Amino acid sequence: MSQQQKPLTAFAVLSAAAASMALPVADAQAEARPDERVISYRNSQYQEDDAPASRTFNGVTDRYSVNVHQLGFDTPIADDWYLTSELQYETMSGASPMQTYENSDGQSVLVMSGASIDDTRIDLKLAPTRYFEQGTVGGSVAISSENDYQSLAAGVNGSLALFNDMATLQGGVSLAHDTLSPTDPELSTARQQADGATKTTVSLFQGVSLVLNKDSALNLGLVATHSSGYLSDPYKTDDRRPDSRAMLALSSRYRHYLRWGPGQENGWHLDARWYQDDWSVRSQTLTTRLVSRWTGVHWRFELTPMLRYYRQSQAAFYGLEQTPDANNPHSSDARLSTYGALALGLSSELGWKAWSLSLDYQTYDASEGLALVGDTDKETPGLVDYQLFSLGVSYQY
Amino acid sequence: MVTREVIQEVAEGLWRCHFTALGGPCELHLGCDDRRLTQQAAAAVEAETRRIEAKYSRYQPDSVLSQLNARAGLACPIDAETHQLLNFAWLCFQQSDGLFDISSGVLQQAWDFRQPRLPEPQTLQPLLRRIGLERMQLQSDQVQIPADMELDLGGLGKEYAVDRAAAVCQQLGIRSGLIDFGGDIQVLGPKADGSPWLVAVRNPAQPDQPLAGLPVYQGGVASSGNYERGFDLDGRRYCHILNPRTGYPVDYWASVTVVSGSALLAGCLSTIAMLKQATALAWLQQQKQAFLAVTTDGRQHRWPDQPSVE
Amino acid sequence: MNKGITRVAAGLLCGSLLLASGCAQVAPWQRGHLGSDVMSWDSNALKRSLDDHIHSSKEASSGGFGAAGGGCGCNG
């Protein structure tokens, strides 16, 4: 070890560098495997506004609050392989609506579950991806476990870059198998019937990303999903849904680059989704964001205001009769009614060298009137408004 | 793409192809039995050369280089090829103790070599403050240069294009030939009969006369000389090779020619030698690469001793 | 429904490929802006997964934007 190393000559250093570059450099490089490892943690507080007391039958008005911990770890695992993983742990408490019915005065009355529900959910997702010169092939497995619900999901997906990367095709298949085990089965026959019931979901996805010009890009996607099995909500009174559901969602995402000054850049995002299913639910979603980023030598700051509008029209069997016909499908679940929702969000992220700190806020308001088109005169006090506040930190190495 | 290369068979199985790009003549001398393959190679080389020109020319506003300069002050995403070139430029900067600096192109604003006139110190000083590649932040997928900096790959781009042209020919299976882009040369392999290519080195005193012929079997040859651009004033030669610290032309060497593994290596070694002035001789000898250097007063230094055919 | 899906899928694929081949070529080295972080299709993975989860559990729709639905006990 005593022998002193001779300093390399300029030629040795430069020829080593030249040797690594003189030979063909592919000019059409599809997505390259990321090189860095990323560890991230995020804590979110989800809080629903109380249900309106004047429309609540039994005076229970406090609704869900959820505390979510998310831990993410992304790492290269072999030459062309990259693994993303996420562990999520959430604790929830509060009451949720059991039934909504229209009283003789034409007002909707909300029956809340009397006892506060306390539950935890743990969720693990693993998704390895193999990177090729012209595309990627990936898999995913996910497991989710709650006191009263177990879910297993797996999928494969791939992407292929075409025409000098002007277009990238994406496709995927996923399968989920869920098992229900409602708490306190002695409380209702629905809960007893649901115990051990299963639900199977198959989903097919196809999409394409297009480079429109040097400042804008478009992504189009189509997801067809089919669920079968026990699709009702055992905690709700007189909730009887069909045992199969076919869904189709068409989405489009547009990105446009804007720059307002040195060290500053912006991306304008416009996302739209059209959805319909054979329960006759139709929905439209429009989301827009403006990602503004300021970059210094060691730091960066990103601020993203977001606006999302969602509307849907009710399922064919949605109704507010207090005692509906037991032979027909029925649900008074507000999530199957005609309504609209407006969400506003502000996300910020401060990066310093390999560290990044993020702070996000989102407020969501749903109401019958926001459906704008096809709204009914039925009140839907079961709709939720919520606030979501998140704090995250991540480190890259 | 319109191909403009001219192809002629100058001897049996030896083709000469010619087109104009990168601001000068580009010539291929290819040893190949197949006319169609030669044509294919010439077209592919021209396409690759124009790709590099469009990507790294500082005269084209939408080139990668122009965009990097336009976005100075901002972290810019870069592809693997740009990263490799900038990384190579960075290594040249480091290995030359800051003399080889791709941010020194701004000095051209003070020197107009079409007129024999020296710049005022007050024009030179603010330009010198904008130079200094140590302020470039280079990562594998992004680069950030200070807002007042401007990069110019003029000192590496042509040599890189020659090496890429050689790679294109090699990929098509052509093993014999010589590629010459305005004096930056890469020899693919010896002539069909196994003999070396004779590369002429200009005489800096009389640039249209050869000083020597270097026999080269394989590898790159590049010269850097005070005859390329410059002017004479009061008995002194002011050439286009400028010291990034003083802003003034170097004046020790009239020309330095290096034979090395590739045109890119030969090019950066010869330019660094010009910039290193008198200390370049010992430095060149350490590199163990064949060179022929001529001082402004006409003395010749070479290594190895007999590499050339007079 | 299945026939409909197949047709829509085939139409989307063909239409988008036509659109792609009709677009002016943007050379890879001119796509610097498109590779910028402000242009990413999705927000960061943890944020996206929670947002999707909340929205699909409060609304009757799920899926879209490159992801399939399912996986939790929050029947919509």
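All values derive from a computational prediction rather than experimental measurement. A, B, ... follow the sequence lines: proteins, then strands. Residue 1 opens every chain.
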Among all residues two or more places apart in sequence or in another chain, which pass the side-chain hydrogen bond (donor to acceptor under 3.5 Å, both in side chains) test with A:His256?
-> A:Tyr254
What part of A:Leu383 lies closer than 4.5 angstrom to a heavy atom of chain C: side chain, backbone, both or neither?
-> neither
Quick one: what part of A:Asp360 sits under 4.5 Å from any heavy atom of chain C, side chain, backbone, both or neither?
-> side chain
When you look at A:Gln362 and C:Ile54, which way does the side chain to side chain contact (heavy atoms under 4.5 Å, CB included) test go after all the steps?
-> CA-CA 11 Å; A:Gln362 195 187 126; C:Ile54 293 173; over 6 Å; no
Using 4.0 Å as the upper bound for N to carboxylate O, is an ion pair formed by C:Lys47 and A:Glu349?
-> no
Separation between OG of C:Ser62 and CE of A:Met247, rounded to the nearest 0.5 Å = 5.5 Å
Between C:Val38 and A:His269, which heavy-atom pair has the shortest distance, and what is it?
-> O-NE2, 2.8 Å
Drop me the distance from A:Tyr364's OH to C:His55's NE2, to the nearest 0.5 angstrom.
-> 6.0 Å
Does A:Arg282 have any salt bridge (charged side-chain N to carboxylate O under 4.0 Å, His left out) partners at least two apart in sequence or in another chain, and if so, which?
-> none
Side chain from CB out, backbone as N, CA, C, O: work out which of these in A:Ala142 comes under 4.5 Å of a heavy atom of chain C, or both, or neither.
-> neither
Answer yes or no: is there a donor N or O on one side and an acceptor on the other, between the side chain of A:Arg293 and the main chain of C:Asp37, under 3.5 Å?
-> no
Rounded to the nearest 0.5 Å, what separation is found between the OG atom of C:Ser49 and the CD atom of A:Glu86?
-> 3.5 Å
In terms of heavy-atom pairs under 4.5 Å with chain C, the winner among A:Tyr275, A:Tyr41, A:Trp274, A:Tyr386 is A:Tyr275
Could you look at A:Gln150 and say if it's the side chain, the backbone, both or neither that has a heavy atom under 4.5 Å from chain C?
-> neither
Could you tell me which portion of A:Gln170 (side chain, backbone, both or neither) has an atom closer than 4.5 angstrom to a non-hydrogen atom of chain C?
-> neither
Drop me the distance from A:Tyr310's OH to C:Ser61's OG, to the nearest 0.5 angstrom.
-> 2.5 Å
Cut-off 4.5 Å, heavy atoms of chain C, and the answer for A:Ser347 is side chain
Any side-chain heavy-atom pair of A:Glu265 and C:Met39 under 4.5 Å = no
Roughly how far, to the nearest 0.5 Å, is the CH2 atom of C:Trp41 from the CG atom of A:Leu218?
-> 6.0 Å
Nearest heavy-atom neighbours spanning C:Asp42 and A:Arg253 | OD1-NH1, 2.8 Å
Cut-off 3.5 Å, side chains only: do C:Glu59 and A:Ser283 have a donor facing an acceptor?
-> no
Gap between atom CG of C:Leu46 and atom CZ of A:Arg42 - 0.5 Å precision | 6.5 Å
A:Gln284, part contacting chain C, at a heavy-atom distance under 4.5 Å = neither
Relative to chain C, which segment of A:Tyr235 carries a heavy atom at a distance below 4.5 Å: side chain, backbone, both, or neither?
-> neither
Looking at A:Val281, A:Val173, A:Asn266, A:Val384, which makes the most heavy-atom pairs under 4.5 Å with chain C?
-> A:Asn266
